[in-house]
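Only one structure is covered here, and it is reproduced in the block below.
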Amino acid sequence: MSRQSRKESGTGIYHVMMRGINHQKIFNDEEDYFQFITTLDRMRFRYDDEGSPCGSNCVFYAYCLMSNHLHLLIRERGERVGETIKRIASSYVFYYNRKYGRDGHLFRDRFKSEPVNDMGYFTTLLRYIHQNPVKAKIVERVGDYAYSSWGEFDGTVEPVFQICDTETVMKRLPFEELKEWVDEPLDDDVPCIDIENVSGGRPSDDQVWLLIKEYTGVTNSSAFQQLEDETKRTVLKRLKNRGASHRQLERLTGIGRGVIQSL
């Protein structure tokens, strides 16, 4: 069956979601998050032969980077959104593979996107994207999360480091009104594209890694595998008791399912 073509946006604005292949982590530490933000910044522009900016490829209105997926609110300018996302992914994968001594794909081949054709849905997405870390129970408040664009709206991020067009947004929505909107939790049934449908009370991948870091201090599968066997067994048992599935634990930690099932 052939793939369906992407729905076109009448405004040129899209909500884009990218995730790691097989749900794997795409950000392991602070350097990875900031490398991706730098990549977004660079890909906004076209450059001449001397390396100077000479045009705009796209405009970002919001972003949120989670450990194994990310959300962008983006507007097309000098190129189609698909081309921009392809260049962003290629650049970051080159960095990631070189850093971690790996090769091959990092992102799922076909990113998800949806058109944004009215101001009502645009503001819903501003809330939805920035509330991702709160929904995943990583932080209690939107402003506590370091790897989203909210710091550009509330002034935490210095203007020289900002990559989103916050001015256009706040001409329509004054900051105090926007902050009130963003802090108000969205209903679970808001129909935005998401990484997956989590059911059965199971923790998300981000929640599992938050617990692993809390229990052991490690933040990636390689470091987890180097822990003492008794420590690994204890942590895996605790995660199973918190609702993590065998398949999820195998995928996130690299520990064989047979070992996990025997605990």
Side-chain angles (χ1 to χ4, degrees), residues 15-20 23-41 60-74 88 92 107-108 111-112 114 122-157 161-164 166 169 173 175 178-199 201-220 239 242-244 248 251-252:
H15 172 209
V16 169
M17 193 278 288
M18 302 166 64
R19 73 178 182 186
H23 300 273
Q24 78 175 63
K25 292 183 74 174
I26 53 180
F27 307 112
N28 293 304
D29 57 26
E30 185 176 64
E31 180 185 32
D32 294 345
Y33 285 102
F34 287 117
Q35 177 66 32
F36 193 88
I37 294 170
T38 299
T39 301
L40 293 178
D41 186 23
F60 297 116
Y61 295 114
Y63 66 84
C64 185
L65 313 183
M66 306 291 279
S67 65
N68 68 350
H69 72 287
L70 62 101
H71 293 268
L72 300 172
L73 191 53
I74 179 176
I88 290 169
Y92 182 74
F107 293 103
R108 184 174 178 174
F111 66 91
K112 292 183 178 181
E114 60 179 341
F122 183 92
T123 55
T124 294
L125 286 167
L126 284 176
R127 297 169 66 194
Y128 172 78
I129 289 171
H130 289 120
Q131 286 179 14
N132 257 244
V134 178
K135 183 178 179 182
K137 301 188 185 306
I138 297 172
V139 295
E140 292 185 0
R141 299 180 304 172
V142 168
D144 293 335
Y145 193 66
Y147 310 119
S148 81
S149 53
W150 186 246
E152 300 188 21
F153 287 92
D154 71 7
T156 305
V157 175
F161 298 116
Q162 294 185 5
I163 67 171
C164 292
T166 60
V169 174
L173 286 170
F175 176 72
L178 179 62
K179 183 178 185 301
E180 184 177 348
W181 268 65
V182 168
D183 284 340
E184 181 182 347
L186 278 165
D187 294 334
D188 291 336
D189 59 354
V190 173
C192 303
I193 56 172
D194 204 348
I195 181 169
E196 59 188 344
N197 292 320
V198 180
S199 60
R202 289 179 179 171
S204 68
D205 288 357
D206 288 307
Q207 289 171 312
V208 170
W209 274 113
L210 193 66
L211 289 170
I212 292 175
K213 182 178 180 181
E214 177 184 332
Y215 297 153
T216 68
V218 304
T219 58
N220 60 72
L239 292 171
R242 296 291 290 267
Q248 183 183 33
R251 171 167 49 80
L252 295 179

Verdict with supporting geometry, L239 and I212, side-chain contact (heavy atoms from CB on, under 4.5 Å): CA-CA 8 Å; L239 292 171; I212 292 175; 3.7 Å; yes
As an exercise, state the distance from OG1 of T166 to CG of L126, rounded to the nearest 0.5 Å. 11.0 Å
CG of D29 to CD of Q35: how many Å apart, nearest 0.5 Å? 10.5 Å
Should H130 and Y145 be marked as a ring pair (Phe, Tyr, Trp, His ring centres under 6.0 Å) after you check the CA-CA gap, both sets of side-chain angles, and the distance that decides it? CA-CA 9 Å; H130 289 120; Y145 193 66; over 10 Å; no
Scanning both residues in full, the closest heavy-atom pair of S149 with C164 reads CB-SG, 3.7 Å
Do you know which of Y33, F36, F34 makes ring pair (Phe, Tyr, Trp, His ring centres under 6.0 Å) with Y92? F36
Could you state the interatomic distance from CG (D32) to CG (L65), rounded to the nearest 0.5 Å? 10.5 Å
Can you check whether E152 reaches I163 side chain to side chain, under 4.5 Å on heavy atoms? yes
What distance separates Q162 CD from T156 OG1, expressed to the nearest 0.5 Å? 9.5 Å
Would you call the rings of W150 and F153 parallel, tilted or perpendicular, where under 30° means parallel and over 60° means perpendicular? parallel
Checking side-chain contact (heavy atoms from CB on, under 4.5 Å) for the pair L70/M17: CA distance, chi angles, key distance, verdict? CA-CA 6 Å; L70 62 101; M17 193 278 288; over 6 Å; no
Flag the pair R141 / D183 as yes when at least one side-chain heavy-atom distance between them is below 4.5 Å, and no otherwise. no
Hey, are the side chains of I129 and H15 touching, using non-hydrogen atoms and a 4.5 Å cut-off? yes
Please step through side-chain contact (heavy atoms from CB on, under 4.5 Å) for the pair W209 and N68, ending with a clear verdict. CA-CA 10 Å; W209 274 113; N68 68 350; over 6 Å; no
How many angstroms lie between atom CE of M18 and atom CZ of F111, to the nearest 0.5 angstrom? 8.0 Å
Working to the nearest 0.5 Å, report the span between OG1 of T123 and CG of L178. 9.0 Å
Hey, does D154 have a side-chain heavy atom less than 4.5 Å from the side chain of F175? yes
Is there side-chain contact between D144 and V134, with at least one heavy-atom pair below 4.5 Å? no
Should we say atom OH of Y215 is surrounded by more than 12 heavy atoms from elsewhere, each under 6.0 Å from it? yes
Can you tell if the side chain of C64 reaches within under 4.5 Å of the side chain of M66, non-hydrogen atoms only? yes
Looking only at non-hydrogen atoms, find the nearest pair between Q131 and V182 and report the distance. NE2-O, 2.7 Å
Passes ring pair (Phe, Tyr, Trp, His ring centres under 6.0 Å), Y61 versus F122? Steps please. CA-CA 10 Å; Y61 295 114; F122 183 92; 5.2 Å; yes
Using the rule given for side-chain contact (heavy atoms from CB on, under 4.5 Å), can you reason through N132 versus H71, listing the C-alpha separation, both sets of side-chain angles and the distance that settles it, and then say yes or no? CA-CA 9 Å; N132 257 244; H71 293 268; 3.3 Å; yes
